[in-house]
Protein chains: 2
Amino acid sequence: MATRQQVAERAGVSVAVVSYVLNNRKIVKEETRRKVLEAIRELGYRPNQTARSLKTKQTRQIAVLIHYIGNPFEAGLLLHIEATAKRHGYFIFVQTYEPAREEELRAMLIGRVDGVLLLGHALAAESLDDFRALGIPVVSAMQPADGAADASTDGTAGGTTGEAGLPSIDVDWQPAMRRLIRHLREQGHTRIAFMTDATPGSPLGVRAAAFASALGDEGLTPATSPLDGGGRFERARETLDDRLATQPAPAFTALVCANDLMAAGCLAACRDRGRRVPQELAIAGCEDILMSSQTDPPLTAIHYPRQAAGEQAMEMLLAAIAKTPIAGARLPGELIVRGSTSIR
Amino acid sequence: MATRQQVAERAGVSVAVVSYVLNNRKIVKEETRRKVLEAIRELGYRPNQTARSLKTKQTRQIAVLIHYIGNPFEAGLLLHIEATAKRHGYFIFVQTYEPAREEELRAMLIGRVDGVLLLGHALAAESLDDFRALGIPVVSAMQPADGAADASTDGTAGGTTGEAGLPSIDVDWQPAMRRLIRHLREQGHTRIAFMTDATPGSPLGVRAAAFASALGDEGLTPATSPLDGGGRFERARETLDDRLATQPAPAFTALVCANDLMAAGCLAACRDRGRRVPQELAIAGCEDILMSSQTDPPLTAIHYPRQAAGEQAMEMLLAAIAKTPIAGARLPGELIVRGSTSIR
DNA sequence: TTGTAGGCGTTATCAT
DNA sequence: ATGATAACGCCTACAA
């Protein structure tokens, strides 16, 4: 690979001049400029990004910590996160986040990224401290699990920062959940259960909390303790299948799932067990991925505005990197009613 | 951020010793080693990856060029690509590949990655030359579109390198397509159409070619020229909807789609138009994503072994980076028969 | 066993 | 308008 030094020699100038040309400084004599450009072309020279980063102390690289990229919801978020980053000249690292290897991950990230974008993970306090000390901003798309109680922090509805002080973008779950619950009541349901991912620190914890709270607001109590669907299709399917097998008449007539993948899994379980949806069991999800519109019956879901969330989360991170004041946001989650909760 | 220099001072040694400790060289006296480790801990020192890369000329970063991450199939591949990379201590850049900005992308990549993993894109020859000159290996998961004719290159069935000389992992499409076509014949179909993404350089081109060829092998001719579904759900839905609207009795009774997203879109179009599947039109896909098993009716599809493909593609790239001889591979594509082509 | 010093390819300051 | 040159943080002969 040709270096700037070589370009300089070939053009018969100093390295500084090459830099001037590269940075489009207008102080260079036109003829010199031509010579330099010529040399660059001949040598096929490209500035080395690593060297540049070392000097400028910015990498224009960002880490996005994913939970499970096999979930089309997260992939959809990533789509817009990446597009926004690219638009600003940033590169995206995708890392599947494993809590057990957080230490290791942190070490790998040092000096490699200008910022970190979480997808609702609860990062260890030490990690947060570490990043703060290094001046690496961390923001989150989806409110981190630990920040569930942050409404009290700033007094605004829902709040936009978690306990850990991370700005985040997320759906304003509580009102959305209330709309969903009201819809279910209209369909005659009062015994409503929730399925979540019970793993500590799961991004779905926030939704579970919002559901519980919204249920209370609507004057209901949970029909049963939350089911654990592990956040994935197969786990959810098995969990509900177990329930249906052991309880001929389950304690609930409607089931809200913290994500669509689990809702689809529950639909499959009902099919396997011959339970009619929504007649015997109504099912709803929380993201409205493409798949949800194509299942049999199609799934009712709270729509998660992925484009807005992905873009805003990245803009927020970029602003933080640029040391500009930033604030999180809560987006409205529209209720999409389909056949899994409504007959007509 | 603490530097190695500071650690050295604090431990009362030279910078070299710190390096020795960091790289686990056993030449350091145990006591010195302890002191250094202590200093590292106290200062919270982490080696700067950028500086290290500049010196060692390897970044342990790899770029993965994605077509459309919104497609669960690509996301599924990425899942295993990323896991494999991580296992080997490599980081993954995800970049949505835009042909129009290839030049720009190339420049951004210089000095930033040790290798490039394509997802079946046809890269410009100059890019390939560029990477070759830089010693940056390029491999592809999914056979690049331009390599469709490479069977003649090495004489083996299907071949494993494209025209551009890129090693690739892919399903062995032709036998898989033949199985699918035979299945459709058994269901009484002889007028079989194909839907693809007609964009030049699309990764789906290979599948289209394999279908055409397999159709001939089975003694059939295409029922119509390939439909263009753009590779996505909505485009496919619109394309088929147009057909169904203008042709009361379409020229085909079965439709094979180059990916599942398009197949699902076609299913939706049939539902919109009140065409029964499979009675009036049989539909099949080519990847077997989760969604395909949950549609109404569920979709027949050629199963693409994503885990094997993702892992092998990354292993291949890693081997190339390590300057080890490498070879592509063709994986078997199992036919999964479901309700969209079969009634019972 | 430990220290010195010369790069790696840029950027940017300060002369000229 | 252009040229020298000192960092940036790390690696690694080579010396001591």
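Letters A, B, ... are given to chains in the order of the sequence lines, protein chains preceding strands, and every chain is numbered from 1. In this text the structure is predicted, and so the values were computed from the model without any measurement.
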First and last nt of DNA chain D near chain A, cut-off under 4.0 Å to heavy atoms, 5' to 3', are dA1(D) to dG9(D)

Ordered by number, residues from residues 48-62 of chain B within less than 4.0 Å of DNA chain C (heavy atoms) are Leu54(B), Lys55(B), Lys57(B)

Rounded to whole Å, CZ of Arg46(A) lies from C1' of dT10(C) at a distance of 17 Å

Residues at least two apart in sequence or cross-chain that pass side chain to side chain donor-acceptor pair (under 3.5 Å) with Arg4(B), listed by chain then number, are Ser19(B)

By side chain to side chain donor-acceptor pair (under 3.5 Å), Asn71(B) pairs with (sequence neighbours left out) none

Across all chains, not counting sequence neighbours, the side chain to side chain contact (heavy atoms under 4.5 Å, CB included) partners of Ala320(B) are Pro137(B), Ile326(B)

Across all chains, not counting sequence neighbours, the salt bridge (Lys or Arg N to Asp or Glu O under 4.0 Å) partners of Lys35(B) are none

Would you list the atom pairs, donor with acceptor, under 3.5 Å between side chains in residues 6-14 of chain A and any protein atom, with sequence neighbours excluded?
| from | atom 1 | to | atom 2 | distance (Å) |
| --- | --- | --- | --- | --- |
| Glu9(A) | OE2 | Gln5(A) | NE2 | 3.1 |
| Arg10(A) | NE | Glu42(A) | OE1 | 2.5 |
| Arg10(A) | NH2 | Glu42(A) | OE1 | 2.7 |
| Ser14(A) | OG | Ala16(A) | N | 3.3 |

Sorted by chain and residue number, the side chain to side chain donor-acceptor pair (under 3.5 Å) partners of Tyr90(B) (sequence neighbours excluded) come out as none

All N/O donor-acceptor pairs, side-chain side in residues 24-31 of chain A, below 3.5 Å, sequence neighbours left out:
none

Numerically ordered, the residues 12-35 of chain A set in heavy-atom contact under 4.0 Å with DNA chain C is Ser19(A), Tyr20(A)

Hits for salt bridge (Lys or Arg N to Asp or Glu O under 4.0 Å) against Glu104(B), two or more places apart or cross-chain, chain-then-number order -> Arg101(B)

Taken to the nearest whole Å, OH/Tyr45(A) to P/dG9(C) is 10 Å

Test side-chain contact (heavy atoms from CB on, under 4.5 Å), reference Val138(A), set Asp130(A), Leu117(A), Leu317(A), Leu118(A), output is Leu118(A)

So ring pair (Phe, Tyr, Trp, His ring centres under 6.0 Å) across residues 36-63 of chain A, not counting sequence neighbours, yields none

